[in-house]
Amino acid sequence: MANVLHKTSIDKTRREAGNCLAGIESEIYRHLNFTLGHDDSDVEPCYLYRALAIAVRDRLVAQWKVTRDRIASSGQKRVSYLSLEFLIGRSLTNAVLNLNLEDSVRAALNKYNSSLEESAELEHDAGLGNGGLGRLAACFLDSCANLQLPVVGYGIRYEYGMFHQHIEDGRQVEDPDHWLRDGNPWELERPEDTRRIHFYGHTEYFVDDTGKTCVHWAETDDVLAVPHDMPIPGHSNGTVNTLRLWRSSATDEFNLDEFNAGGYSEAVAEKNLAEQISMVLYPNDSSENGKELRLKQQYFLVSASLQDVIEEWISIHGEDFDEFASHNCFQLNDTHPACAVPELMRLLMDEHGLEWDDAWRITRQCMAYTNHTLLPEALERWPVSLFSRLLPRLMEIIYEIDRQFRTQLAELWPDDAAIRERMSLVEGGHHPHVRMAYLAIVGSFSVNGVAGLHTELLQSGLFADFYKLWPSKFNNKTNGVTQRRWLSHCNPGLRDLINEAIGSEWQSDLPKISRLASYAEDAAFRDRWHAVKQENKGALIRHVLEHTGVRFAEDALLDVQVKRIHEYKRQLLNVLHVIHLYDRICRGDVEGMVPRCVLIGGKAAPGYHVAKLIIKLINDVSAVVNTEAKTDGLLKLVFLPNYCVSAMEKICPATELSEQISTAGKEASGTGNMKFMMNGALTIGTLDGANIEIRDQVGEENFFLFGMTAGEIAETRQTYDPNSLIAEDEEILRVMNLLESGHFNASEPGIFDILTAGLRSAEDQWLTIADLRSYIDAQRDVNKSYQDPNNWNRMSIMNTAASGWFSSDRTIQQYAEEIWNVKSVN
Ligand code: 26W
């Protein structure tokens, strides 16, 4: 009891410490003048931003400590979310709004003749991710803080995040993203929690005093992992969770040989190698390029994070690991951190003296794996030769896990040698590889997909053997997005209108947004809804004009496809439709055609040549379409450079038509589709990923469906003949003729031949031509619906009203109940 009283009074003191910060205005003044050493007169906007950010951070720090203590004293189970990517974006507006500081911040900035918007624009995006998987991790952290769940994110503090994209002569050019150049006010370095990571070397076996055989990983090259913590604030709930990002740093040990040979400077310079590990995010989002540095990054993250959790465990429970698994869970964000399975085994056995069986039981009770892709080229496989050289002790452990697993399979299916080869963790042959997905499945108690269809396809296809073996391990967790960032903060006009109509509870309980449905029948409300959309379109139109020189019309249908550029996402299908509209306009077939502005954005992996060529095509088609006099007032096409989180915050509030047009069975879930729906866009889409669930929720009458199902796609592949489809369809033939005649690339003949050949190939994986007729027809339906604003606005409201299921709060609640077994701490 005394303890409890004591604890409460500490909490109170801390809360007061937070509250006793002076008003935000004088805190900004103090940081401007003293922390940053700048004069208060004639303030440069970037210093104003920094002073404000530090003032806001100070308020988070007070709540942060309270949250940490609350979790520690609860003795509750904790989750570590291990991810190579966290695509956070900007933090300022999110923190200001979650702390309810908007009014005072606006008033303070007003005195400096500035605004919250101006300061917010000065923040660099924390672009520590490629796309869907990384942004999902960021939405999940937001939801965990809102649900007050004891979840820590663990990642890498890349010095350079996702590259910046600019366009030269229609082509993508990459620029390095040195986002930390001006410092990062949202992090606190914690050198006291530094961990040591081993690489290379070899293993030595010895017998200890008790007669037990032990393993020592000897003559390693070591690197230090230094944590930098970022606060993750909940929405006005006093909770601030942690994202811990590791930076690599050299140890202070010298290479003695070099040093003794007189190479002092060389020995010091070699330390650079250690710092390379956290230097740059790999910009691939679908194919592994097998680089040694990437495997180093993966192991670096995993080892540092597991050591962190184990150290904290020991500080409370000593070396007793009996209850470890009931108090810890590690969620693996795809296979990138799958080394966590053998690394936890190594730490428990080699560093903490557990026997194999105990270590294996614990490991399998606390690992859970999420799969994010069905694309075969994205499945990670590491050469055994590389693995053994870089992580020799881990490779031994993987071989032993594999040996025991094969024994189990032999007992189950003694006559089926083929299944043992198929399911083995190590793929045989001349150049054997470790199959990271299989390692993750065997080492975990839970395996989940990220949308209903995706999970079914995992179970019936990619992981069918494992599903047969362990059906109850498999489960679905349909993705979601945080409605705070993706509606409330990025679309204040719509937020205020919704709040006025149905109250603000939806911000922490999105299903309540269904109350909007009845307003779809209210003509006055529809007009106001429309007015907000028009206002948001106006802002985006100015942004597009500023960044591309192209002026979109206010009354045109704003048709948007933003996402990574990939063949399976079929940006090409979109371009073919634009060419079709252009062709119709040129030949005067414009009866009933509503004006349309098509915006495409996204980055291509630097080594993905076809994706880069698609960007060039979009730019070349847009150059012709936008300068043809006949299209004036009817059609525009723009490629918006450098698509990123902060760009999406401007794009999704303005979008009217959301393009979700992947080849069915290829897009695991999609999450951009959910952001657009929340903001009242209508979707034109295939039955793929979460589109299926979006359509189920909103009703088929409020969704533009086209294309083949995943089943039909698989069947069509057998007999696919795109050339006859083209020849038999007059409009499609005209589109192909325009493309193939060099109409869009007169000065560079032949550059798009690879693309047109792909479209015409019976081997085309993405079956673009197979879906084109159906897509053109669905776009005609879109056109028709847009002719009647009443009808369109009604459908738009219904989309927002039906988006309740797609909150990451719901997704995280399901992870918490069905996988993690954790409860909120409040
Ligand atoms: C090893 C290279 C690499 C890197 C990243 C391969 C694969 C990835 C990710 C798994 C790609 C990714 O971001 N997948 C996306 O995950 C989202 C969140 O679950 C889904 O919504 C998208 O459909 C899926 O493409």
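Please read all numbers here as calculations on a predicted model, not as lab measurements. Both counts, for ligands and for their atoms, begin at 1 and track the order of listing.
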Does ligand 1 come near enough to [X] that some N or O of the ligand is less than 3.5 Å from an N or O of the residue?
X	value
N284	no
G670	yes
N479	yes
E667	yes
R294	no
L136	no
H372	yes

With M162 as partner, the option from N130, V280, N642, D125 fulfilling side-chain contact (heavy atoms from CB on, under 4.5 Å) is N130

Under 4.0 Å from a heavy atom of A668: give me the atoms of ligand 1 that qualify, with their elements. 23 (O)

Could you tell me which atoms of ligand 1, counted from 1 in the order shown, lie closer than 4.0 angstrom to a heavy atom of Y568? 25 (O)

[X] with [Y]: basic N within carboxylate O range, under 4.0 Å:
X	Y	answer
D142	R484	yes
R570	D771	yes
R389	E292	yes
K612	E174	yes
K477	E818	yes

Of all protein heavy atoms, the one nearest atom 1 (C) of ligand 1 is E288 OE1, 2.9 Å

Please state which protein non-hydrogen atom is closest to atom 12 (C) of ligand 1 and give its distance, to 0.1 Å? L133 CB, 3.8 Å

Please work out whether the ring planes of [X] and [Y] are parallel, tilted or perpendicular, with thresholds of 30° and 60°.
X	Y	result
H178	Y160	parallel
F474	Y467	perpendicular
H566	Y568	tilted

Distance under 6.0 Å and angle within 45° of ring axis: R157 vs W246: no

Only heavy atoms count here, so choose which of D285, L379, N333, L374 is nearest to atom 7 (C) of ligand 1. D285

So is H336 in contact with ligand 1, going by heavy-atom distances below 4.0 Å? yes

Contact with ligand 1 for D334, non-hydrogen, under 4.0 angstrom: yes

Part of V450 within contact of ligand 1 (heavy atoms, under 4.0 Å): side chain

